[in-house]
Asker: 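Let me give you the structure first, and then I'll get to my questions.
Both backbone and side-chain heavy atoms feed into the values below; hydrogens, waters and symmetry mates do not. First listed ligand is number 1; within each ligand, the first listed atom is number 1. Because the structure is a prediction, the values reported are computed rather than measured.
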Amino acid sequence: MTTAAAKAPAVTKEQAEAIYSKGLEGIIAGETAVCSIEQGGLWYRGYEIHDLAQNATFEEVAFLLLEGHKPSSSELARFKAELVSERALPGVVTNFIESMGGNLASGRAVPMDILRSCVSILGHVDPDSQSNEAAAGLRKSKRLLAKIPTMIGHMQNVIDGKAIIGRERGGDESLDMAANLLYMMTGSKPAKEYARVVDVSLILYAEHDFNASTFTSRCIAGTLSDMHGAVAGGIAALKGPLHGGANEMAMEMLKEIMKDCGEGAIGTKAVDDWMQKAFDTKRKLMGFGHRVYKNGDHRAPILHKLGKAVAEKDTKNPGGHAAIKWFLLGEQVQKIMLEKKNIHPNVDFPCGMTYFTMGIPVPQYTPIFVASRVTGWCAHIMEQHANNRIIRPLSKYTGEAPRKW
Ligand SMILES: CC(C)(COP(=O)(O)OP(=O)(O)OC[C@H]1O[C@@H](n2cnc3c(N)ncnc32)[C@H](O)[C@@H]1OP(=O)(O)O)[C@@H](O)C(=O)NCCC(=O)NCCS
C-alpha cells in the first residue's frame with residue numbers, strides 16, 4: 001500500500017491558536033446571504049430593520065427570508081394561503097400537548113421544552129422529514145412557521161384549563177399570524193393595535209445571522225441531519241437566559257425590583273440602591289448587553305416606543321394592571337445601566353415589558369420568539385444544506401500532557 005502525502009490543513013495549528021477567541025467573539029464562522037449585522041445596522045437580505053418594522057408585515061418578512069426576495073402581491077397571497085392551510089396540528093402533536101397539562105401546571109415542564117418536543121414529534125409525521133432537497137426544505141419551513149403558533153396557542157389553552165381553540169383549523173382564517181396567535185392563546189380577537197405590535201416584534205425577532213441558536217441549527221444541518229432536528233436544537237439553544245430566554249427573565253427582574261422596592265419607589269434612590277447591589281454581587285441583568293451591539297441594539301428602541309405607546313393608552317389592559325409603571329421602571333433601570341456600566345438594553349428588554357402590557361403570560365415570551373426566529377433558522381438550514389461543509393472547529397487543549405496508562 002502506498003501512502004499519499006498528507007494534505008496540508010487550510011489553517012495551521014499556530015495560525016488557529018493566534019486567532020483563538022473565547023466564545024468565538026469576533027470570529028467569522030461561515031458565510032450567509034440571509035442577514036447582515038454590525039453595530040451600524042441590521043439588514044435582512046439587504047433590507048434595513050427600521051424599514052421593515054415600519055413598512056412590512058411579518059408574513060412579508062417571512063417570505064423574504066425563506067423564499068429569498070420581496071414578495072409580489074400574488075406571491076404574498078399564495079404564501080399566506082399556504083400558511084393558513086398548514087396551521088392545524090396533527091392529532092399526535094395536540095394529544096402530546098394535552099398530555100403535558102399536569103407537567104406544565106406543576107412547572108416540571110415549561111412551554112419552551114414542550115415546544116421543542118412538539119417540533120420533534122412533527123418531524124415524525126412530516127412527509128418530507130427525511131429529505132434535505134431544497135423544495136422539501138421550503139415546504140417544511142412553511143409547515144413549521146404555520147404550526148408553531150398553533151402549538152403555543154394550544155399549550156396556553158391547556159395551561160389555562162380551557163378547551164383547545166382552533167383544533168381543526170388552527171385558529172381564524174381571516175387573521176394574520178400575529179393576530180391569530182393572540183386569538184388562539186386567549187379566545188378573543190385582539191385589537192388591531194395589539195396585533196400590529198406583536199407583528200412588529202415578530203419582524204424584529206425573525207433573524208440575526210450567526211447567533212447561538214442559528215449557529216446550533218447550522219451545525220446540526222451541516223452534518224446533513226434533518227430540518228426538524230436542527231430547529232429542535234435551535235429551540236434548545238434559544239431557551240437559555242443568555243439568549244432568547246432573556247425576554248422572560250428581563251420581565252421577571254423588573255417584577256423583582258418592583259416587589260423589593262415597592263411601586264412608589266419608581267424614580268427614587270431605592271431603585272439605584274437595588275441596582276448597586278446587583279452590580280456589587282456581579283449579577284447579570286437580563287435584557288442588557290449584546291455580543292455584537294456594544295453601543296445599542298437597533299431593535300430595542302423600535303419595540304420600546306411601540307410597547308410604551310400601548311401602555312400609555314391603556315391602563316385597564318388585558319394584563320389587568322397599569323402597564324406604564326413597568327416602562328417607567330424599565331427606563332430608570334436602563335438609565336442606571338448606561339450611566340454606571342455603559343451597557344445598553346437589547347431587544348429582549350422592551351419585549352418583556354411590551355408583552356406584559358398586553359397580558360401575554362411570561363413563560364410564552366420565548367416560545368413567541370421561536371414563532372418568529374423559525375424563519376431565520378429555516379433560511380439558514382436551507383442555505384447550509386444547499387452549500388454544505390460540515391462545521392467542525394478545533395479546540396485549545398488545556399488538559400494533561402500525554403502520559404502512559
Ligand atoms: C448578551 C451577552 C451574553 C453577551 O455576552 P458577551 O459578549 O460575552 O459580553 P461580555 O461578557 O464580554 O460583557 C462585557 C462586560 O459587560 C458585563 N455585562 C455584559 N452584559 C451584562 C449584563 N446584562 N449585566 C451585567 N453586566 C453585563 C460583563 O459581565 C462583562 O464585564 P467584565 O468585563 O467586568 O467581566 C451578555 O451581555 C449577557 O449575558 N446579557 C444578559 C442576557 C441577555 O440579555 N441576553 C440576550 C442577548 S440578545
Asker: Could you go step by step and tell me if H298 and Y293 meet the ring-ring contact (aromatic ring centres under 6.0 Å, His included) rule?
Answerer: CA-CA 8 Å; H298 299 276; Y293 304 129; 5.4 Å; yes
Asker: Is Q39 atom CD crowded by more than 12 heavy atoms from other residues, nucleotides or ligands, each under 6.0 Å away?
Answerer: yes
Asker: In a check of ring pair (Phe, Tyr, Trp, His ring centres under 6.0 Å) between Y365 and each of F356, Y205, Y355, which one passes?
Answerer: Y355
Asker: At less than 4.0 angstrom from any non-hydrogen atom of H243, what atoms of ligand 1 do you find?
Answerer: 45 (N), 46 (C)
Asker: Of the side chain and backbone of R283, name the one, both, or neither that has a heavy atom under 4.0 Å from an atom of ligand 1.
Answerer: backbone
Asker: If you take all heavy atoms of I343 and G289, which pair is closest and at what distance?
Answerer: CG2-N, 3.4 Å
Asker: Would you say atom 35 (O) of ligand 1 touches the protein, meaning some protein heavy atom is under 4.0 Å from it?
Answerer: no
Asker: Give the C-alpha distance, both sets of side-chain angles, the deciding distance and a yes or no for ring-ring contact (aromatic ring centres under 6.0 Å, His included) between F215 and H380.
Answerer: CA-CA 9 Å; F215 193 59; H380 280 274; over 10 Å; no
Asker: Of the choices R291, K294, M253, which has the non-hydrogen atom that lies closest to atom 10 (P) of ligand 1?
Answerer: K294
Asker: Could you check atom 1 (C) of ligand 1 against the protein and tell me its nearest heavy-atom contact, residue, atom and distance included?
Answerer: G289 O, 3.7 Å
Asker: Just to confirm my output: which protein heavy-atom neighbour is closest to atom 40 (N) of ligand 1, and how far is it?
Answerer: F288 O, 2.8 Å
Asker: I'd like to check atom 30 (C) of ligand 1 in this structure: does the protein have a heavy atom lying under 4.0 Å from it?
Answerer: no
Asker: Using a plain distance cutoff, I'd like to know if D348 has any nitrogen or oxygen under 3.5 Å from a nitrogen or oxygen of ligand 1.
Answerer: no
Asker: Applying side chain to side chain contact (heavy atoms under 4.5 Å, CB included), run through M249 and D348 and close with a yes or a no.
Answerer: CA-CA 9 Å; M249 298 314 291; D348 292 317; over 6 Å; no
Asker: Counting heavy atoms only, which part of K341 comes closer than 4.0 Å to ligand 1: side chain, backbone, both or neither?
Answerer: neither
Asker: Given the protein's heavy atoms, is any one of them under 4.0 Å from atom 6 (P) of ligand 1?
Answerer: yes
Asker: At under 4.0 Å between heavy atoms, which part of A250 makes contact with ligand 1: side chain, backbone, both or neither?
Answerer: neither
Asker: Sort out for me which residue in R78, R45, R139 forms a salt bridge (charged side-chain N to carboxylate O under 4.0 Å, His left out) with E67.
Answerer: R78
Asker: Answer yes or no: does an N/O atom from G287 fall short of 3.5 Å to an N/O atom of ligand 1?
Answerer: yes
Asker: Report yes or no: does a heavy atom of A278 sit under 4.0 Å from some atom of ligand 1?
Answerer: no
Asker: For ligand 1, which is the ligand I care about here, please tell me if M286 has any N or O atom under 3.5 Å from one of the ligand's N or O atoms.
Answerer: no
Asker: Indicate whether any N or O donor in one side chain lies under 3.5 Å from an N or O acceptor in the other, for D160 and Q156.
Answerer: yes
Asker: When T57 is tested against each of D199, V200, I203, L202 for side chain to side chain contact (heavy atoms under 4.5 Å, CB included), which residue passes?
Answerer: D199
Asker: Decide whether N211 and R373 meet the rule of one side-chain donor and one side-chain acceptor closer than 3.5 Å.
Answerer: yes
Asker: Pairs of nitrogen or oxygen atoms closer than 3.5 Å, one from L242 and one from ligand 1: do any exist?
Answerer: yes
Asker: Give the contacting part of I343 toward ligand 1: side chain, backbone, both or neither, where contact means a heavy-atom distance below 4.0 Å.
Answerer: side chain
Asker: Does the protein place any heavy atom closer than 4.0 Å to atom 16 (O) of ligand 1?
Answerer: yes
Asker: Going by a strict under-4.0 Å cutoff (protein heavy atoms only), does atom 47 (C) of ligand 1 have a neighbour on the protein?
Answerer: yes
Asker: Between H290 and H208, what is the ring plane arrangement, given parallel below 30°, perpendicular above 60°, and tilted in between?
Answerer: perpendicular
Asker: Would K284 count as a polar contact of ligand 1, with the cut-off being nitrogen or oxygen pairs under 3.5 Å?
Answerer: yes
Asker: Given A246, G240, A212, P345, which has its nearest heavy atom closest to atom 43 (C) of ligand 1?
Answerer: A246
Asker: Looking only at protein heavy atoms, which one is nearest to atom 23 (N) of ligand 1, and how far off is it?
Answerer: L285 O, 2.6 Å
Asker: Just wondering, do F79 and L83 contact through their side chains at under 4.5 Å, heavy atoms?
Answerer: yes
Asker: Mind checking whether F349 and F288 have parallel, tilted or perpendicular rings, split at 30° and 60°?
Answerer: tilted
